[in-house]
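Nothing fancy with the numbering, it's 1 onward along the sequence. Everything numeric here is computed off the predicted structure, so don't read it as measured data.
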Amino acid sequence: MSKYIRSQTPGATYFFTARLADSRSTLLTDEVDLLRRCVRETITRYPFAIDAIVILPAAIHTLWTLPEGDANFSTRWSFLKSQFSRALPDLSARTKTQCDRREKGIWQRRFWEHRIRSAHDLALHRTLIHTAPVQAGLVDRPSDWTWTSLHRDLATSDATAKAPPPVRFSTMGLKTIAPADA
């Protein structure tokens, strides 16, 4: 059995990615109202702040800030995923393991987490969230995507704020693609 080592910093801000088991699914955008209700229920039961979020057809990218003295994001994700899954009808055949674990097979079992360590790190991940629909080829501009906190961020910023330009991951300092002139 795998033993995951997760950051456990109370009151910290974290970047998360949670994905559906079927990467071709559009369930999250098809059922976005249900997902929003489940997020509200999770926040009510286990408080946290959503600093940024984007809902893609088969993935969620989000920044959460946990309350002071609380580092238990795994319980929050477990509750959110289970509330969403339980509200949906059984759509497909499940394996014996999924039945034994009382899983519907909708979500990948794990989620990806990264503790934000600096203002630069926060800005980088906020840009990643806002530009994810462009990266996924779903829209041409971040502001064209409906299910993103970018609209909230722009509405609450000063009137001269503009949506961030689409940034390719290779220019974000992640070194995932070698520069063309290298």
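One distance of note links CG of Leu80 with SG of Cys38; it measures 6.5 Å at 0.5 Å rounding. Separation of atoms CG (Leu56) and OG1 (Thr17) is listed at 9.0 Å; rounding is to 0.5 Å. For the atom pair CG (Leu34) and CZ (Arg86), the distance works out to 13.0 Å, reported to the nearest 0.5 Å. Here the CZ atom belonging to Phe84 is positioned 5.0 Å from the CG atom belonging to Leu28, to the nearest 0.5 angstrom. Taken to the nearest 0.5 Å, the CZ atom of Arg152 stands 8.5 Å off from the CD1 atom of Ile53. In this structure, the separation between NE2 on His130 and CG on Leu150 is 4.5 Å, given to the nearest 0.5 Å.
By the rule that hydrophobic residues join a cluster once side-chain heavy atoms approach within less than 4.5 Å of another member, Ile50 and Phe79 end up as members of separate clusters.
Residues Arg36 and Asp33 meet the side-chain proximity criterion, which asks for heavy atoms closer than 4.5 Å. The shortest side-chain heavy-atom distance between Ile60 and Trp107 falls under the 4.5 Å cut-off. At a threshold of 4.5 Å between non-hydrogen side-chain atoms, the residues Thr148 and Pro142 do not count as touching. A 4.5 Å side-chain heavy-atom check between Leu27 and Pro57 finds every atom pair outside the cut-off. Looking at His125 and Ile116, their side chains come closer than 4.5 Å, going by heavy atoms from C-beta outward. Side-chain contact between Thr62 and Tyr14 is absent, with no heavy atoms from C-beta onward closer than 4.5 Å. Counting heavy atoms from C-beta outward, Val139 and Val134 have side chains that approach closer than 4.5 Å.
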Checklist entry - After noting the C-alpha distance and the side-chain angles of Trp147 and Thr29, does the key distance pass the side-chain hydrogen bond (donor to acceptor under 3.5 Å, both in side chains) rule? => result CA-CA 8 Å; Trp147 302 289; Thr29 51; over 6 Å; no

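Between Arg37 and Glu41 there is a salt bridge, with a side-chain nitrogen of the basic residue lying less than 4.0 Å from a carboxylate oxygen of the acidic one. By the 4.0 Å N-to-carboxylate-O rule, Asp153 lies close enough to Arg126 to be salt-bridged with it.
Between Ser23 and Ala58, the closest heavy-atom pair is O-CB, 3.6 Å. Minimum heavy-atom separation, Ala52 to Ser149: CA-OG, 3.2 Å. Residue Ala132 comes nearest to Val54 through the heavy atom pair CB-CG1, 4.1 Å, listed as atom of the first residue, atom of the second, then distance. Counting all heavy atoms, side chain and backbone alike, Arg115 lies closest to Arg117 at O-NH1, 3.0 Å.
Between the side chain of Ser78 and the main chain of Ser74, no donor-acceptor pair closer than 3.5 Å is present. With hydrogens and angles ignored, the 3.5 Å screen pairs a side-chain donor or acceptor of Lys81 with a backbone N or O of Gln108.
Just one of Phe15, Phe16, Phe73 meets the ring pair (Phe, Tyr, Trp, His ring centres under 6.0 Å) condition when paired with Trp112; it is Phe15.
Between the side chains of Ser118 and Asp121, no donor-acceptor pair of N or O atoms lies under 3.5 Å. With no hydrogens or angles considered, no side-chain donor-acceptor pair links Thr42 and Arg76 at under 3.5 Å.
Within the 6.0 Å centre-distance limit, the rings of Phe48 and Trp64 are counted as a close aromatic pair.
For Arg19, the CZ atom is loosely surrounded, since the number of other residues' heavy atoms within 6.0 Å does not exceed 12.
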